[in-house]
2 protein chains.
Amino acid sequence: MLLSKSCEYGIRTALYLASQPQKEFIPIHVIGEMLGVSPHFLTKILQHLTQEGIMQSLRGPRGGVALARSPSELRLHEIVIAIDGPGLFTECVLGMPDCGEGQPCPLHERWSQAREQVFAMFSELTLEELGRRIVEENLRITDVTSSSLTRNT
Amino acid sequence: MLLSKSCEYGIRTALYLASQPQKEFIPIHVIGEMLGVSPHFLTKILQHLTQEGIMQSLRGPRGGVALARSPSELRLHEIVIAIDGPGLFTECVLGMPDCGEGQPCPLHERWSQAREQVFAMFSELTLEELGRRIVEENLRITDVTSSSLTRNT
DNA sequence: GATATTAAAGATAAAGGACTCTTAAAACCT
DNA sequence: AGGTTTTAAGAGTCCTTTATCTTTAATATC
C-alpha cells in the first residue's frame, strides 16, 4: 500500500474541504460520515494536521475543521509528509540505508524516476485546482454516494 | 512505504540468488547474514515463496533455497504479488473501492500512469538480466559490504 | 545406520497501525 | 450563568507486521 489509511483519510478530508463552496468550519462528524470512518479516529488524524499547520480547528457550535492556508498554497504532498513521513519520496525501494548514486541498488535508477512521478502526482496541483476539478467534473471522494447522504431517512 | 519489509527481503534474496554464478542451493542463514536479518524470519518469508512456486528448498547438508524456475522466466512483480498481494498494482491510491473510469477519484488519472511505471520497474527486467547487471555493475543488495563478509575475523 | 546440517513448524513477543471510548475544554446560545 | 455543541486529549483495544527462539522433520554424507 502506497499510503497509510490515516493518510488516505487526511487527503480525502483536505480534498473535501477544498471542494466546498463556502470556506466555513466543517464538523468532523460530518466528514467522518461521508468517508465512512469513525469521527473519533478522524479527529485524531485531523488534530495532527492541525498541529502541523495544515488545518485549523474551532471548538463549539459552528466549529469544526478548515484548511489553515489558502487552497492555492496547499498541495497534497504536505499531507503525505505530515502523516506518513517523507520516506516515500526519499527512501530506497528495497529499504537499503545507503542506496544512492554511489552504491545503487538494482532498482535505483528506475525507482528514482517512478518516485519523481509519484511526487509529481501529489505536488503538481494545488488544493484550489483539485477542489475546482472535483466540483466541475463531479469527482469521487466519498464512500457513500451524495444522493444517499441527502435523501437519508 | 511502497513494499513491506518481508517483500523487501524476498526481493533481495531473489536478486542475490540470481547474481550467484553457480545455481546451487544456498543456506538461508547465509542469506540472512548478508541481509542483516534473522534467519528464522527469513525462513518464513522464503518458505512462503517456495509454496508460491517461486523458490525451491532442500533440507539437510548442502540444502538451502534456490530459484524454482529459470531466472529468464522470473520477474520481481511475481514476488511483490506473492508477498504483498496485487493491491499496489490495482487499487485506488486513496483506497476508494469503486474508483475507476466511471467514478474516478481526483488522482485516478495520474496514479494510473504512475502505477504503470511502478509495475514496469518490477516487471520489465527478468531476474536473469538483473543478476547479470548486479555482477557486472557491482550493484548493492547486501546490508554489509562484501569485503566485511569475506574478511571477517 | 549414525551424524551433521538444514528447512519447516510452532510458540512467543514486541511494535506499530487502526480504531473505540471516555473525559475535558472551549465556544456559542439563550 | 447554564446548557449545548463541538474539538482536544488520552487511555485502551484489536489486529497485523516484524521478529526471535525452540523444537521437529528431512536429507546428504560418512
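Each chain gets a letter, A, B and so on, in the order the sequences are listed, and its residues count up from 1.
Two residues, B:L58 and A:C7, neighbour DNA chain C, and the one matched to the more 5' nucleotide by heavy-atom proximity is B:L58. In this structure, A:P61 and A:Q56 both approach DNA chain D, and ranking their closest nucleotides by distance from the 5' end singles out A:P61.
Between B:P106 and A:L15 the shortest heavy-atom distance is CG-CD1, 3.9 Å.
Ring centers of A:F119 and A:H77: under 6.0 Å apart, within the cut-off.
Taking atom NE2 on B:H48 and atom P on D:dA19, their separation rounds to 17 Å, with Å as the unit. Between A:F41 atom CZ and D:dA11 atom C1' the separation is 16 Å, expressed in whole Å. Between A:E24 atom CD and C:dC28 atom C1' there is a gap of 15 Å when expressed in whole angstrom units. The separation between B:F25 atom CZ and C:dA8 atom P is 10 Å, rounded to whole Å. Atom NE2 in A:H29 sits about 11 Å away from atom C1' in D:dT7, given to the nearest Å. Atom CE in A:M1 sits roughly 12 Å away from atom P in D:dT16 (whole-Å rounding). The nearest whole Å value for the distance from the CD1 atom in B:I28 to the C1' atom in C:dT6 is 8 Å. Following rounding to the nearest Å, B:Q51 (CD) and C:dA9 (C1') show an atom-to-atom distance of 11 Å.
Side-chain atoms of A:P27 lie closest to D:dT6 of the nucleotides D:dT6, C:dA9, C:dA18. Distance from the side chain of A:Y9 is smallest for C:dC19 among the nucleotides D:dA8, C:dC19, D:dT5. Comparing C:dT22, C:dA8, C:dC29 by their nearest atom to the side chain of B:Q47 picks out C:dA8. Of the candidates D:dA28, C:dA7, C:dC29, the closest approach to any side-chain atom of A:R62 belongs to C:dC29.
Contact check on B:R115 versus B:E91 returns no salt bridge, with no Lys/Arg side-chain nitrogen under 4.0 Å from an Asp/Glu carboxylate oxygen. A salt bridge does not link B:E78 to B:R75: none of the charged side-chain nitrogens sits closer than 4.0 Å to a carboxylate oxygen.
A donor and an acceptor atom, one from each side chain of A:S6 and A:S4, are nowhere located under 3.5 Å apart. No side-chain donor-acceptor contact under 3.5 Å links B:Q103 and B:H108.
Taking 4.0 angstrom as the limit, A:S38 places a side-chain polar atom (N or O) nearer than this to OP1 or OP2 of C:dT20.
No engagement by A:L46 is indicated, since no non-hydrogen atom pair under 4.0 Å with the nucleic acid exists. Within 4.0 Å of B:L42, counting heavy atoms only, lies no atom of the nucleic acid at all.
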All N/O contacts under 3.5 Å from nucleotides 11-17 of chain C to the protein, with atom names and distances to one decimal?
residue: C:dA11; atom: N6; partner: B:K44; partner atom: NZ; Å: 3.0

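Side-chain atoms of A:V93 and B:E8, non-hydrogen and from C-beta on, never get closer than 4.5 Å to each other. Between B:C105 and B:W111, the closest side-chain pair of non-hydrogen atoms is not below 4.5 Å.
Below the 3.5 angstrom threshold, one finds no donor paired with an acceptor across the side chain of A:R59 and the base of D:dA8.
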